[in-house]
Amino acid sequence: MSPIDRRTFVSMTTAATAASLAGASLGAGSAPVAQPGANPRPARAGDDHRCPCVISSGNGARTTAKAMDLIAAGTHPLDAIVEGTKIVEDDPSDMSVGLGGLPNEEGVVQLDASVMDGMLHRAGSVGSLENIKNPAAVALLVMRRTDHVMLVGPGALKFALRMGFKEENLLTDAAREAWLKWRGNLGRDDKWLNDDEREDLGQRKSGPRAEGSAAPRSSPHDARAGGPVIPDSTIPFTWGTIHTSAVTSTGHLAACTSTSGLSWKLPGRLGDSPIVGAGMYCDNAIGSAGATGRGEAVIQVCGAFSVVEHMDRGLSPTEACLAVLKRMADRTREKRLLDDKGRPNFNVTMYALRKDGAYGSASLWKGGSFAVHDGKENRVLESAWLFEK
Ligand code: GLY
């Protein structure tokens, strides 16, 4: 399938994660503070790397390979990662991005993407874009050809057509079959809250998360951020997305995120991917970050922006990801989103790249992965994690 070198799969234990969190004193917005008697912060894969570097979500090993080739040949890093992202957008077998992405509840594929140039501090984004399989390239042109940052729906499509993109049917037979299966089981995992779930919002507005909360509704959404999953049924489901960040040897940073979004979403729903500061963000003065997984959770902690800000305060890339995920877990209070131990019943993976080339990634749940090309080799590594089943 892809030229993935999986020979290195670095294991990061829960104990190491806990030690890191303790050592970093991860209160709201805190900088790393040495704790008396605490273990020194453990070194992590990526801590010592220096530029250039391209990191991506676990489905992005072909993207990192392509982007690094282009960067080595002198291509602008944003063009390089958008070009690398196209490989996954064009691949009908990835049901989380571009062509072949799982559709909304009406069977329509709606794509979201955003890009950012860390040197110019400019961004572009499209949301709910239909019939165009490369939304990241459209987002790049929003940035370069307009005074705007974000175009959505019919306006985004009109802009793409004016830029020369061609319309095509993005609903593959496999995605249509999956949608029909979901329709046939309607009521399971739709995105409308039932009576109990709406009551829950009122009862638990600001209180602490209770231990032993009720089990989530028929949720198969556990511990996954990447491609489509088939948990306890034959109906695929995904929050999957591709995020990619790059830094050149001169310290030029760029970020790009592209997705078909949450499967079976309400028409017009935007996740984190097109939101600058949530699904991706970068700043040449600090670093770059992005997210995959449940977009609603990422938006509500300003995910990518927060990771970059934590790096600015001195956390390593992996620690910055963990700090944001910890806040996300702490702020998740609705029963329907918690497992029986009060932990989020969904997954999010964050990715971080510092301006000097150090990189890292972490997930809420063990099992996440990320692709990295460090200028020498292209690998898929295991992300650090907060929770383990
Ligand atoms: N992270 C992708 C989405 O929630 O749409």
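Reckoned from all heavy atoms, side chains included, excluding hydrogens, waters and symmetry mates. We count ligands from 1, going down the list as the structure has it; atoms in each ligand are counted the same way. This is a predicted model, so every value here is computed, not measured.
- Ligand-side atoms of ligand 1 in range of G261: 5 (O), range being under 4.0 angstrom from any heavy atom.
- Taking only nitrogen or oxygen atoms, main chain and side chain alike, A291 does not reach within less than 3.5 Å of ligand 1.
- Close approach of ligand 1 to L262 is summarised as follows: ligand atoms under 4.0 Å from at least one heavy atom of the residue are 5 (O).
- No donor-acceptor pair closer than 3.5 Å links the side chain of E89 to the backbone N or O of S258.
- Of all the atoms in ligand 1, the ones that sit under 4.0 Å from a non-hydrogen atom of S273 are 1 (N), 2 (C).
- A donor-acceptor contact closer than 3.5 angstrom is absent between the side chains of H373 and D69.
- For the pair D272 and ligand 1, the shortest N or O to N or O distance falls below 3.5 Å.
- With hydrogens and angles disregarded, no donor-acceptor distance shorter than 3.5 Å links the side chain of S273 to the backbone of A113.
- Using a distance-only test at 3.5 Å, with no hydrogens or angles considered, a donor-acceptor pair links the side chain of N59 to the main chain of T241.
- Judged purely by distance below 3.5 Å, without hydrogens or angles, the side chains of T318 and Y359 never pair a donor atom with an acceptor atom.
- Checked by distance only, ligand 1 and G293 come closer than 3.5 Å through their nitrogen or oxygen atoms.
- The aromatic rings of F387 and W365 sit tilted, their planes meeting at an angle between 30° and 60°.
- Of all atoms in ligand 1, numbered sequentially from 1 with element shown, those under 4.0 Å from a heavy atom of G271 are 5 (O).
- Ring orientation note: the planes of H252 and H76 are nearly perpendicular, at an angle over 60° on the 30°/60° scale.
- Of all atoms in ligand 1, listed by their number and element, those nearer than 4.0 Å to a heavy atom of T241 are 1 (N), 2 (C).
- Distances between N or O atoms of R269 and those of ligand 1 include at least one value under 3.5 Å.
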